[in-house]
2 protein chains.
Amino acid sequence: MTEVETDLYSIKDKMYAAADCIIFGFDSGKLKLLVFKRRVEPLKGEWSLIGSFVRLEEDVAEAAKRVLKEITGLENVFMEQLKAYGRASRDPGYRCLSIAQYALIRISEYDEELVEKHGARWYDIGAVPDLVLDHNWMVQDALERLKQKARYQPIGFELLPEKFTIPQLQKLYEVIYQKELDSRNFRKKLLSLKVLIKLDEKDKANSRRGAFLYKFDYETYHKLEKSGYNFEIS
Amino acid sequence: MTEVETDLYSIKDKMYAAADCIIFGFDSGKLKLLVFKRRVEPLKGEWSLIGSFVRLEEDVAEAAKRVLKEITGLENVFMEQLKAYGRASRDPGYRCLSIAQYALIRISEYDEELVEKHGARWYDIGAVPDLVLDHNWMVQDALERLKQKARYQPIGFELLPEKFTIPQLQKLYEVIYQKELDSRNFRKKLLSLKVLIKLDEKDKANSRRGAFLYKFDYETYHKLEKSGYNFEIS
DNA sequence: ATAATAAATGTAAAAAATACGTTCATTATT
DNA sequence: AATAATGAACGTATTTTTTACATTTATTAT
């Protein structure tokens, strides 16, 4: 970005707000991030978090939901505000605050056609390309938050299919925490929390023997939660 | 707020951003909040968090620092973004996002004259009056954050004088966690963390015997932090 | 000299986290 | 039909951390 380009697009006499989404997915043992090509000048066409300006009559959270649905077709997914990015110089084109929100989606459920139509793409979290503005920082901050939050709240399940195996879940936590876990201790801990429902089905995708499928028991979890129960996976 | 009043002040054709500060202090065993009287219509004169519009050329974090300094005279205090509040209807007068930041200050150090001049006031955290807009929610959210954060990061010390006693520190944690702690276990835990420096002085304000003063050892803490050390006080 | 007060201290028991190796169920191959 | 191969499932002993709990100490005011 040269100074000339900056000036060309400067509309800095008004405040704008953008909602940018850090959209995480989990597939084949890898954490993934969905990005698309920026739709506005300056930097149009560069890789960017999926986002949009917030309309004057629109809640910030709604703007994020709107754009998530627009690109992935998904509604009612886990989404939480990360934080606002408010440096005056963060966007060379506008005086624009960004309210970043991170979303956890089941990667099997998004609308591939829509994603493709918008030129969006999944990147392995370890190989995210250079993104516009401060978006790479947002990704870093979101990862940090995910790491913190997964420890004390059962949000990891939002990234897995409804039915999942314990080795799958362990792999997810290993990717999030960036460290290996002992499978015996992990299983013991998880089952001791009493919020997994063992199903009568197996997933044979990864072994001859097959691994039992489980569901997360939200109902029980919410009950326990109210009576001072602590979910924790370290 | 009636509909008529709302309409009188509606300037909803532009986006505004405000920086609102949740300013915590700790005094005589109580957690306190600093509030002042709102300076803009609508609701001018009502109790409000200390805040200001963010100027077009100003970072959001700077706006918060500016207003904190304006009202308390303080600079270089602990301040961290809580989150953005972005409901379209949150302010009847403007389309205004608020980026809330919480600050922890040593209550002995603020400028009393300045505070008084601005009509600001400390309230016990259990007796905060009705504040404008969503400000009471912000306080709740900030308290929640403080509770979380104090557990894993040594931010409590930002609320105490540089020299403090262990009973003082315990009282602070009790107020933040809203539960009583065992003094023997608390002391043991704190000292085991190896980040307190025992001074040769006593504070005799609360007992005949007096309690030894300590300082938090930021230097050692930062060193330990880099080598995978975990501060935790439960 | 005594009374009063909060500060300071230790230990045993329980709970949680860690480290670690073997057997099991199933399918593909021969 | 027997065998090989593979990831899934499981238990126990050790260490570490957390919890529960009562007495003595230093100092000042009376």
Side-chain angles (χ1 to χ4, degrees), chain A residues 28-30 147 150-152 160-161 163-215 224 227-234, chain B residues 28-30 150-152 160-161 163-175 177-215 224 227-234:
Chain A
S28 349
K30 305 264 189 179
K147 215 167 175 173
R151 200 169 225 98
Y152 303 105
L160 295 174
K163 299 171 178 182
F164 54 85
T165 67
I166 291 191
Q168 250 182 315
L169 185 61
Q170 179 178 341
K171 185 69 198 169
L172 173 62
Y173 272 92
E174 289 180 335
V175 172
I176 292 175
Y177 292 164
Q178 308 242 59
K179 77 171 185 192
E180 299 214 327
L181 302 172
D182 179 275
S183 66
R184 287 155 293 189
N185 294 337
F186 183 81
R187 182 184 294 269
K188 201 190 317 174
K189 179 79 196 187
L190 255 296
L191 295 177
S192 79
L193 294 173
K194 304 282 183 204
V195 287
L196 295 190
I197 299 169
K198 186 176 185 177
L199 303 178
D200 247 359
E201 283 172 82
K202 282 185 165 182
D203 170 14
K204 299 204 168 159
N206 299 300
S207 75
R208 304 206 157 124
R209 181 182 181 177
F212 277 104
L213 287 162
Y214 289 79
K215 288 206 308 197
L224 290 169
S227 38
Y229 156 95
N230 275 348
F231 181 93
E232 184 181 340
I233 294 173
S234 32
Chain B
S28 351
K30 303 265 189 178
R151 200 168 224 98
Y152 303 105
L160 294 174
K163 299 172 179 183
F164 53 85
T165 67
I166 292 193
Q168 249 182 314
L169 184 61
Q170 178 178 342
K171 185 69 198 169
L172 174 61
Y173 272 93
E174 288 180 334
V175 171
Y177 292 164
Q178 308 242 61
K179 76 170 185 194
E180 300 215 326
L181 302 172
D182 179 275
S183 67
R184 288 156 293 188
N185 294 337
F186 183 81
R187 182 183 295 267
K188 200 191 319 173
K189 178 80 196 186
L190 255 296
L191 295 177
S192 78
L193 294 173
K194 304 284 184 203
V195 287
L196 295 190
I197 299 169
K198 186 175 184 176
L199 303 177
D200 247 358
E201 282 172 83
K202 281 186 166 183
D203 170 13
K204 300 205 168 158
N206 299 300
S207 74
R208 304 206 155 122
R209 181 182 182 177
F212 277 104
L213 287 161
Y214 289 80
K215 288 206 306 196
L224 289 170
S227 38
Y229 156 95
N230 275 348
F231 182 93
E232 183 181 341
I233 295 172
S234 32

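So you know, we letter chains A, B, ... as the sequences are listed, proteins then strands, and number each from 1. A quick note: this is a predicted structure, and the numbers were derived from the prediction, not measured.
- Atom CD of B:Glu232 and atom P of C:dA17 are 11 Å apart (whole Å).
- Taking the side chain of A:Arg209 as heavy atoms from C-beta on, and the options D:dT19, C:dT26, D:dG7, the nearest nucleotide is D:dG7.
- The CD atom of A:Gln170 sits 14 Å away from the P atom of D:dG7 (whole-angstrom rounding).
- A:Lys198 places its NZ atom 7 Å from the P atom of D:dA9, with the value rounded to the nearest Å.
- Close to D:dA8, at under 4.0 Å from its OP1 or OP2, lies no side-chain N or O of A:Lys202.
- Proximity of A:Lys204 to the phosphate of C:dT26: no side-chain N or O atom is located under 4.0 Å from OP1 or OP2.
- Panel note: side chain B:Lys202, backbone B:Arg209; a donor-acceptor pair is recorded below 3.5 Å.
- Closest to the side chain of B:Ser183, out of D:dA20, D:dT6, C:dT9, is C:dT9.
- Set against C:dT18, C:dG10, C:dA4, the side chain of A:Asn185 has C:dT18 as its closest nucleotide.
- Checking A:Arg208 against B:Arg184, the closest nucleotide of DNA chain D that is more toward the 5' end is the one next to A:Arg208.
- The base of C:dA7 has none of its N or O atoms less than 3.5 Å from a complementary donor or acceptor on the side chain of B:Asn206.
- You'll find the side chain of A:Tyr214 stays beyond 4.5 Å of the side chain of A:Thr165, heavy atoms only.
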Quick one, B:Lys179 with B:Glu174, criterion side-chain contact (heavy atoms from CB on, under 4.5 Å). Give me CA distance, side-chain angles, the key distance, then yes/no. CA-CA 5 Å; B:Lys179 76 170 185 194; B:Glu174 288 180 334; over 6 Å; no
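- A:Leu193 places its CG atom 11 Å from the P atom of C:dA16, with the value rounded to the nearest Å.
- Rounded to a whole Å, the OH atom of B:Tyr177 is 12 Å from the P atom of D:dT18.
- Taking atom CD of B:Glu201 as the reference point, atom P of D:dA26 lies 20 Å away to the nearest angstrom.
- The CG-C1' distance, from A:Asp203 to C:dT26, rounds to 14 Å in whole Å.
- Picking from D:dA8, D:dC21, D:dT18 the nucleotide with the shortest atom distance to the side chain of B:Lys189 gives D:dT18.
- The backbone N or O of A:Leu181 lies less than 3.5 Å from no partner atom in the side chain of A:Tyr173, so there is not a single donor-acceptor pair.
- As rounded to whole Å, 9 Å separates atom C1' of D:dA26 from atom CZ of B:Phe212.
- Listed here is the closest heavy atom pair of A:Leu193 and A:Phe231: CD1-CE1, 3.8 Å.
- As judged by a 4.0 angstrom heavy-atom cut-off over every strand, A:Lys188 is placed among the base-contacting residues.
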